[in-house]
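Heads up: numbering here begins at 1 and tracks the sequence.
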Amino acid sequence: MAKSRVSISISLLLLSLWLVSFLAFARAEESGDGDEAIVEESAVLALDVSNFSDVVAQHSFIVVEFYAPWCGHCKRLAPEYEKAASVLSKQDPPIVLAKVDANEEKNKELANKYEVQGFPTIKIIRNQGNDVQEYNGPREADGIVNYLKKQVGPASTEIKSKEDAGNLINEKTIFVVGVFPEYSGNEFENFMAVAEKLRTDYDFGHTLDAKFLPRGDLTVKGPLVRLFKPFDELFVDLQDFDVDAIKNFIEAATMPMVVTFDNDPSNHPYLIKFFTTTTTKAMLFLNFGDETFETFKSKIQEAAELYKGKNISFLIGDRDASRGALQFFGLKEDQVPVIVIQENDGQKYLKPNLEPIEIVSWLKEYKDGTLTPFRKSEPIPEDNNGPVKVVVADSFHDVVFNSGKNVLLDFYAPWCEHCEELEPILEEVAVSFKNDNDVIIAKMDATANDVPKDFNLQSYPTLYFNSASGKLLSYDGTKTAEAIIDFVQKNKDTTTPSESIKDEL
């Protein structure tokens with residue numbers, strides 16, 4: 001279980017770094033307008049723990065956004081969500097959009113129940129709260145409206161003609177079709193059950209005749225599942241109608257053999273899937289404008305074919321689009337082309353400045369176990385006399401686990417706005433404990449140092465507290481000096497007198 005948690009946290013960190021890279025160009029100066037009250041009569045229902053269950057129980061379909069007032073992405077979504085809510089409220093029947101301030105202490109248990117791990121998180125709640133699905137659609141008003149209109153209709157659309165198929169299936173998206181001799185029986189029922197379960201992720205259709213489909217084959221007879229995709233072999237078939245078999249088939253077939261990491265929005269769903277899988281990740285970063293790009297692309301495709309089904313997912317990333325990921329691995333732009341392997345437990349292997357011909361042979365060395373893992377650590381600071389002590393990977397265990405002190409540690413990223421806001425607060429906390437030799441207030445750049453597997457980082461900043469007796473706690477309270485000081489006071493152990501912290505660090 002611990003290994004699974006570590007794998008997920010690493011993937012979420014990589015995913016957040018990709019989002020930072022991609023969204024950086026769109027980041028605008030935020031004015032005070034975002035903090036003003038919303039229009040007098042909002043079309044978005046405001047829910048909290050006191051009315052949430054009652055409201056949800058009244059609806060067979062309701063969409064709920066979990067947000068935090070300080071979240072920049074939530075502020076950008078707010079006017080689009082409001083516009084969409086206004087349009088959808090006029091549908092017949094109306095589609096209800098709601099929101100919950102998950103930053104409020106009273107609503108945190110509610111957010112935990114719905115597995116809110118970041119902001120904004122949007123959930124589609126069906127059948128009076130009995131069925132909960134992730135909202136995986138657009139974040140602008142028109143896109144939200146169109147996506148949700150489809151979600152309240154049938155999970156699968158009948159295809160009765162080539163025109164129907166042409167309107168539903170295109171060369172840029174994934175579409176799953178069930179071909180049946182008749183709309184009855186276990187095969188049809190299982191297909192429809194899967195369509196209902198996965199409808200927020202994929203589009204589904206069903207037909208009695210495969211000749212209506214693109215690249216239609218007159219010899220194809222149902223029952224059959226055909227999945228169309230805009231990459232690799234363009235379509236794949238399945239004839240096993242066990243529910244789990246269909247779901248596994250869709251999950252496997254909808255991941256490109258080599259995912260492309262760039263600024264093309266059509267690639268984003270595959271990137272999200274890549275970074276949230278539990279497979280080992282092999283990532284090649286290079287300049288897509290370089291004359292050797294096609295050769296590199298061919299070689300990474302060759303490697304993906306060679307290791308297909310061997311628990312390795314492959315990615316090719318543009319240097320300019322993936323700066324956040326390069327930062328995460330402590331790499332400089334002049335080290336590309338570079339290939340990186342990231343294992344589930346955080347172990348990394350990399351080869352900078354490689355040639356295309358080296359890709360397959362280097363992966364073979366990795367599989368043979370002859371490569372040395374890469375360890376990322378900043379130098380131990382010579383001058384570490386500030387109130388907040390700097391911790392690096394090479395000093396981590398000595399300070400956090402072996403010092404015999406109570407240590408509050410801030411994992412931060414240099415580019416993170418919320419980390420910058422926390423910095424003076426952390427200084428204030430450190431100053432308050434300056435005469436307490438039992439307490440160390442410290443920080444570590446989690447993008448420049450390897451983070452030990454004991455720590456589950458899903459966003460920045462993340463605070464952990466390790467008591468002198470070795471009790472490790474995550475800090476989930478409000479990020480004010482008073483609250484953090486109170487947390488440390490309540491959880492610290494008294495240690496025996498020792499030399500000054502300055503000497504230890």
Side-chain angles (χ1 to χ4, degrees), residues 4 61 115 123-127 130-137 147 150-160 164-165 167-257 259 269-279 304 308-313:
S4 174
F61 185 95
E115 298 179 345
K123 301 285 185 176
I124 295 175
I125 305 177
R126 303 176 191 268
N127 304 320
N130 293 317
D131 188 7
V132 181
Q133 296 169 313
E134 292 288 336
Y135 172 92
N136 293 317
Y147 182 87
K150 289 170 65 176
Q151 292 301 312
V152 295
S156 179
T157 304
E158 184 176 5
I159 298 172
K160 300 179 181 179
D164 287 345
N167 291 333
L168 293 169
I169 306 169
N170 61 63
E171 296 179 352
K172 294 185 177 180
T173 59
I174 290 168
F175 199 91
V176 187
V177 183
V179 181
F180 302 96
E182 58 183 359
Y183 295 146
S184 62
N186 287 337
E187 290 91 348
F188 180 71
E189 291 174 5
N190 287 355
F191 177 82
M192 296 302 284
V194 172
E196 186 65 48
K197 187 70 176 175
L198 300 183
R199 64 183 297 167
T200 60
D201 297 313
Y202 308 107
D203 292 326
F204 290 83
H206 54 276
T207 186
L208 296 174
D209 201 330
K211 73 181 181 185
F212 299 141
L213 304 179
R215 297 174 290 278
D217 186 343
L218 295 177
T219 65
V220 172
K221 302 295 180 185
L224 174 87
V225 177
R226 175 160 288 187
L227 185 147
F228 294 91
K229 54 184 178 176
F231 50 81
D232 299 338
E233 64 270 66
L234 301 183
F235 73 85
V236 286
D237 293 339
L238 176 75
Q239 291 181 305
D240 185 346
F241 276 83
D242 175 79
V243 167
D244 287 337
I246 300 173
K247 287 161 59 177
N248 293 337
F249 164 74
I250 293 172
E251 289 303 309
T254 51
M255 172 74 86
M257 195 170 292
V259 175
Y270 312 126
L271 275 171
I272 293 171
K273 191 170 181 179
F274 176 87
F275 283 127
T276 52
T277 58
T278 57
T279 59
K308 187 176 181 179
K310 297 182 180 178
N311 200 41
I312 302 181
S313 298

Could you list the residues that satisfy ring-ring contact (aromatic ring centres under 6.0 Å, His included) with [X], not counting sequence neighbours?
| X | answer |
| --- | --- |
| Tyr270 | Phe231 |
| Phe61 | none |
| Tyr183 | Phe188, His206 |

Anything under 30° is parallel, anything over 60° is perpendicular, the rest tilted; go ahead and classify Phe204 against Phe191.
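If you compare the ring of Phe204 with that of Phe191, the planes turn out perpendicular.
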
How far does [atom1] of [X] sit from [atom2] of [Y], to the nearest 0.5 angstrom?
| X | Y | atom1 | atom2 | value |
| --- | --- | --- | --- | --- |
| Phe235 | Ile169 | CZ | CD1 | 11.5 Å |
| Ile250 | Met255 | CD1 | CE | 15.0 Å |
| Leu271 | Thr276 | CG | OG1 | 10.0 Å |
| Asn136 | Asp201 | CG | CG | 4.5 Å |
| Glu158 | Leu168 | CD | CG | 11.0 Å |

Pick from Val176, Ile174, Leu213: which one makes a side chain to side chain contact (heavy atoms under 4.5 Å, CB included) with Phe228?
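It is Leu213; the other options fail the test.
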
Using the salt bridge (Lys or Arg N to Asp or Glu O under 4.0 Å) criterion, which residues pair with [X]? Sequence neighbours excluded.
| X | value |
| --- | --- |
| Glu182 | none |
| Glu251 | Lys273 |
| Glu134 | Lys123 |

Lys150 versus Asp203: any side-chain heavy-atom pair under 4.5 Å?
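Yes, close enough: below the 4.5 Å cut-off.
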
Quick one: side chain to side chain donor-acceptor pair (under 3.5 Å) partners of [X], sequence neighbours excluded?
| X | value |
| --- | --- |
| Thr200 | none |
| Thr157 | none |
| Gln151 | Arg126, Arg199 |
| Lys160 | none |

Please name the pair of heavy atoms, one in Gly205 and one in Ile159, separated by the smallest distance, quoted to 0.1 Å.
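That closest heavy-atom pairing would be CA-CD1, 4.5 Å.
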
Looking at Gln133 and Leu198, would you say the former's side chain and the latter's main chain have a donor-acceptor pair under 3.5 Å?
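Side chain of Gln133 to backbone of Leu198: no pair is present.
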
Looking at Glu233, I want to see if its CD is surrounded by more than 12 non-hydrogen atoms of other residues, nucleotides or ligands under 6.0 Å.
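Enclosed.
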
With sequence neighbours excluded, what pairs up with Val243 under the side-chain contact (heavy atoms from CB on, under 4.5 Å) test?
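Checked Val243 against side-chain contact (heavy atoms from CB on, under 4.5 Å); matches are Asn190, Val194, Lys247.
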
Enumerate the residue pairs fulfilling side-chain hydrogen bond (donor to acceptor under 3.5 Å, both in side chains) with a member in residues 234-246, sequence neighbours excluded, ordered by first and then second residue.
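Passing the test, one end in residues 234-246: Arg226-Asp237.
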
